[in-house]
K.L.:
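I am attaching a structure below and will ask some questions about it afterwards.
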Amino acid sequence: DAGVIQSPRHEVTEMGQEVTLRCKPISGHNSLFWYRQTMMRGLELLIYFNNNVPIDDSGMPEDRFSAKMPNASFSTLKIQPSEPRDSAVYFCASSTNTGGSGTQYFGPGTRLLVL
Amino acid sequence: GQQVMQIPQYQHVQEGEDFTTYCNSSTTLSNIQWYKQRPGGHPVFLIQLVKSGEVKKQKRLTFQFGEAKKNSSLHITATQTTDVGTYFCAAMNRDDKIIFGKGTRLHILP
């Protein structure tokens, strides 16, 4: 099993540019989560999907952030336009249970730096 | 909004000493999970607690869920250098909202 796959692993961009982060969950998992981690705010849940449907997006910081899950094997998190304060590590996780009631398997993360 | 308080934020212990981190919520939780994140790595699931007063053990790690299901603890006996990392609790409240604690960063002094 390859685990949760995220790309890119590192991203450096300039303020105002669009950033797209990608995630492939573990095959057979029906829940997918996007998290952001910073030193100041810790690990924050941004949004999660169940069976490709967004269930809770209350953690999405603002309209510049959007997430999609067009099918069971792929999700994107887009930031447009990006700002320096978006610099963080973004994790994707998947689970076989609805919501967070089961084990979440995290991907390696995307380290984003916005200059 | 609801918060899950995790203490301490940092802990330095001598190798061989014990370590405990605590997770507290103001509201009753449906369940609580514990994760470990090595430096530069990603969170890795350790365990889930569901029942009031539940105690689970994994080798040198002991996990407890409070009787009121509002707090939890992780205790490591006789720490080793491989225990270095940040330990997070992740709580699910009755609204199915997942909230991570800020984590406790454990440093082991040789």
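The analysis underlying the following values was restricted to heavy atoms, covering all of them including side chains, and did not include hydrogens, waters or symmetry mates. Below, read A as the first sequence line, B as the second, and so on, with proteins coming before strands; counting in each chain starts at 1.
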K.L.:
Kindly work out whether a path of hydrophobic side-chain contacts (I/L/V/M/F/W/Y, heavy atoms less than 4.5 Å apart) joins A/Val89 to A/Phe106.
P.N.:
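Yes, A/Val89 connects to A/Phe106 through the hydrophobic network.
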
K.L.:
So which part of A/Leu45 gets closer than 4.5 Å to some heavy atom of chain B, the side chain, the backbone, both or neither?
P.N.:
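The side chain, not the backbone.
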
K.L.:
At their closest point, which heavy atom of B/Phe45 faces which heavy atom of A/Gln104, and how far apart are they?
P.N.:
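Answer, listing the atom of B/Phe45 first, then A/Gln104: CB-O, 4.1 Å.
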
K.L.:
Could you tell me whether B/Gln14 atom CD has more than 12 heavy atoms of other residues or ligands within 6.0 Å of it?
P.N.:
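Result for CD/B/Gln14: enclosed.
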
K.L.:
Kindly indicate whether the side chain of B/Phe100, heavy atoms from C-beta on, has any atom under 4.5 Å from the side chain of A/Gln37.
P.N.:
no

K.L.:
Would the number of heavy atoms belonging to other residues, nucleotides or ligands and lying under 6.0 Å from CG of A/Asp63 be above 12?
P.N.:
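Atom CG in A/Asp63 is not crowded, with 12 or fewer foreign heavy atoms closer than 6.0 Å.
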
K.L.:
Looking at A/Arg111, I'd like to know if its CZ atom is crowded, meaning that more than 12 non-hydrogen atoms belonging to other residues, nucleotides or ligands lie closer than 6.0 Å.
P.N.:
yes

K.L.:
At a 4.5 Å cut-off on heavy atoms, which part of A/Tyr105 comes close to chain B: side chain, backbone, both, or neither?
P.N.:
neither

K.L.:
Just wondering, more than 12 heavy atoms not from A/Lys68 lying within 6.0 Å of its NZ?
P.N.:
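Not buried by this count: 12 neighbours or fewer within 6.0 Å.
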
K.L.:
Grab the two heavy atoms, one from B/Lys102 and one from A/Met40, that are nearest each other, plus how far apart they are.
P.N.:
NZ-O, 3.8 Å

K.L.:
Work out which heavy atom in B/Gly41 is nearest to a heavy atom in A/Phe91; give both atom names and the distance.
P.N.:
O-CZ, 3.7 Å

K.L.:
Do the side chains of A/Leu32 and A/Phe74 join up, straight or via other hydrophobic residues, at under 4.5 Å, putting them in one cluster?
P.N.:
no

K.L.:
Could you state the interatomic distance from OG1 (A/Thr103) to CD1 (B/Ile47), rounded to the nearest 0.5 Å?
P.N.:
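Answer rounded to 0.5 Å: 10.0 Å.
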
